[in-house]
Amino acid sequence: MKKIIALLLLSVSVFSAAAFAADTKEFSDKFGAKELAEIARAVMQKAKSSSNSDSSNGGITFGGNGVDINKIISAVNVLAQNNGNIESIFGEGAASPTLSASAVSAVNNLTMKLYGELANGDGNLFFSPYSISTALAMVYAGARGETAKEMETALGFSPAVHSAMASLIGSLNSVSPEIAQLHTANAIWPAADKTILSDYRNRVATDYFSEITTLDYSKPENARNIMNKWVEEKTNGKIKDIVSKGAVSAKTPLALTNAVYFKSDWQSKFETAATKQDDFHTAGGRTVKTNFMNQTGFFDYCKADGFEMLELPYKAERLSMYIILPENGKFGSVEKNLTAQQLDALVSQAARTNMRVSLPKFKLEENYNLNETLKKFGITSAFTDKANFSGMNGLLDISIGVVLHKTFLDVYEAGTEAAAATYVGMKSMAVRDEPKQFKADRPFIFVIRDNATGANIFAGRCMKP
């Protein structure tokens with residue numbers, strides 16, 4: 001069946017606690033708590049269509065009050081992260097997460113990079129760039145030398161990504177359950193008989209909120225079942241058996257897992273009675289009878305060269321599904337040329353439009369082994385005996401064995417349910433050769449030479465010391 005593009009994008013602003021405090025001071029006196037709460041409901045849409053332009057700073061002002069709309073949007077994001085507690089924003093000493101661009105940028109760039117590699121053939125595709133990026137960032141925390149450089153180049157990581165991930169994870173997990181069930185969790189599973197450096201433990205625990213559980217890998221099936229049960233629980237039963245048979249052995253030194261679960265209603269639900277069967281036209285020219293959900297209303301929409309894009313927001317508009325629909329015959333070219341930057345631009349350009357929407361109901365379950373894909377990205381040493389993950393255990397004796405990813409998606413009239421998990425299994429490298437012994441306990445010849453010119457300055461032999 002023709003690929004169905006379903007990108008779940010997070011509305012995340014980039015700001016620091018100090019800068020935010022200064023920004024909000026400018027307009028906190030102009031809007032009371034109740035007014036700000038009202039603005040919060042509509043500001044994301046107003047930002048796209050506001051008519052007043054502030055030529056002095058290039059920003060957009062709201063309601064003629066001379067307040068930069070971008071600062072209000074930052075306030076709204078913090079408002080959502082604090083579950084509507086406005087006092088926690090303006091209160092003395094209030095803390096807000098620092099959402100660094102490096103985490104969001106790494107996740108979003110990986111989206112298109114992975115999409116390009118995984119979109120082979122004409123089958124469906126569904127993955128979580130957030131889950132994969134987070135799991136690999138935990139691995140990167142223990143990478144050193146050339147291995148770290150390869151991961152930085154391929155995945156857009158830098159040492160700053162760890163604190164950035166902490167903020168992003170905290171933001172996602174703070175979404176009110178009244179808006180969505182959105183949970184993400186991390187865990188590392190070191191072997192009970194192996195040593196993990198305290199610095200590495202602290203890093204994954206602090207920046208990734210990771211659980212740390214030792215396992216007895218001498219019983220690989222038992223260890224595998226424990227990790228699979230953890231993932232299944234964290235994904236509300238949607239991801240099962242992420243750790244496949246053979247992925248764990250008695251020699252496994254360490255494993256890492258990420259899980260993410262999402263469920264939310266549409267801001268504007270589709271009526272079940274309006275669902276009708278209609279034709280879906282595949283890329284191969286076949287026609288398939290499919291149940292289409294239907295509704296008419298105002299949605300953010302834009303048209304670009306060769307395709308159109310529609311935003312379907314979930315409850316409270318914290319998250320949205322953006323659907324990119326290429327024109328007939330242009331799916332391949334649109335898919336090939338779409339970039340993270342282009343998608344960002346489209347999201348900002350979309351305008352509220354009266355739309356008649358028809359969207360198929362669909363379910364997807366996919367799984368991937370990402371080893372070869374990551375090698376194509378340039379992460380090569382990590383899978384070989386040249387790997388340097390000494391930041392994990394202080395030794396040069398482990399490498400990546402396997403990277404597995406599994407997903408679930410259900411799109412229906414009331415909303416969407418999605419889940420994903422990533423498993424990274426480290427492996428012990430072949431025991432490196434013992435150092436060869438050179439013991440001059442018998443007669444020997446020697447030469448003293450100038451390495452710059454190659455000239456032998458002295459020569460001799462030692463028959464008896």
Side-chain angles (χ1 to χ4, degrees), residues 4-14 27 31 35-55 57-77 79-80 104 108 111-112 179-180 264-270 274 292-328 330-331 333-335 337-360 411 415-416:
I4 300 172
I5 306 177
L7 300 177
L8 307 179
L9 302 180
L10 304 170
S11 297
V12 179
S13 289
V14 180
F27 64 83
F31 294 101
E35 289 174 299
L36 183 58
E38 292 174 359
I39 291 170
R41 296 178 62 84
V43 69
M44 301 307 287
Q45 298 305 325
K46 284 284 187 181
K48 296 173 181 176
S49 58
S50 184
S51 59
N52 295 329
S53 176
D54 182 353
S55 59
N57 60 16
I60 301 172
T61 59
F62 181 80
N65 287 305
V67 178
D68 191 339
I69 194 72
N70 294 315
K71 295 174 182 177
I72 299 178
I73 292 173
S74 293
V76 173
N77 277 313
L79 181 68
V104 176
N108 290 352
T111 302
M112 298 309 172
I179 294 174
S264 183
D265 289 345
W266 302 113
Q267 178 79 352
S268 176
K269 296 181 183 179
F270 293 84
F292 279 82
M293 307 178 293
N294 298 281
Q295 69 167 296
T296 299
F298 284 86
F299 297 92
D300 277 2
Y301 167 87
C302 69
K303 188 170 178 60
D305 184 22
F307 65 93
E308 50 193 326
M309 187 189 78
L310 178 77
E311 176 186 355
L312 288 180
Y314 295 100
K315 192 175 180 180
E317 302 189 27
R318 169 67 192 260
L319 295 99
S320 295
M321 176 182 285
Y322 293 85
I323 301 171
I324 298 166
L325 183 64
E327 295 174 3
N328 287 329
K330 294 187 176 181
F331 185 89
S333 60
V334 170
E335 181 180 54
N337 296 319
L338 188 64
T339 65
Q341 293 73 23
Q342 184 183 20
L343 186 57
D344 288 342
L346 290 168
V347 170
S348 64
Q349 292 167 13
R352 188 57 61 94
T353 308
N354 190 16
M355 305 292 298
R356 184 181 293 112
V357 179
S358 293
L359 181 70
V411 178
T416 298

Looking at side-chain heavy atoms only, is the closest gap between [X] and [Y] below 4.5 Å?
| X | Y | value |
| --- | --- | --- |
| Tyr322 | Met309 | yes |
| Glu327 | Lys303 | yes |
| Leu359 | Leu312 | yes |
| Leu325 | Leu310 | no |

Self-check item: Main-chain N/O of Glu311 paired with Asp300 side-chain donor or acceptor, under 3.5 Å
Solution: no
Quiz item: Is the backbone of Cys302 close enough, under 3.5 Å, to the side chain of Thr353 for a donor and an acceptor to pair up by distance?
Solution: no
Self-check item: Separation between CE of Met112 and CD of Glu335, rounded to the nearest 0.5 Å
Solution: 10.5 Å
Practice problem: With rounding to the nearest 0.5 Å, note down the distance linking CG in Asp305 to NZ in Lys330. | Solution: 6.0 Å
Kindly give the heavy-atom pair with the smallest separation between [X] and [Y], and that separation in Å.
| X | Y | result |
| --- | --- | --- |
| Ser333 | Asn337 | O-ND2, 2.9 Å |
| Pro313 | Phe299 | CD-CD2, 4.3 Å |
| Leu346 | Ala304 | CD2-CB, 4.1 Å |
| Ser264 | Tyr314 | OG-CB, 3.5 Å |
| Lys315 | Ile179 | O-CG2, 3.2 Å |
| Val334 | Gly306 | CG2-O, 3.7 Å |

Practice problem: Walk me through it: do Asn108 and Leu343 pass the test side-chain contact (heavy atoms from CB on, under 4.5 Å)? | Solution: CA-CA 10 Å; Asn108 290 352; Leu343 186 57; over 6 Å; no
Exercise. Start with the C-alpha gap between Asn354 and Phe298, add the side-chain angles, then the distance that decides, and say whether side-chain contact (heavy atoms from CB on, under 4.5 Å) holds.
Key: CA-CA 4 Å; Asn354 190 16; Phe298 284 86; 3.6 Å; yes
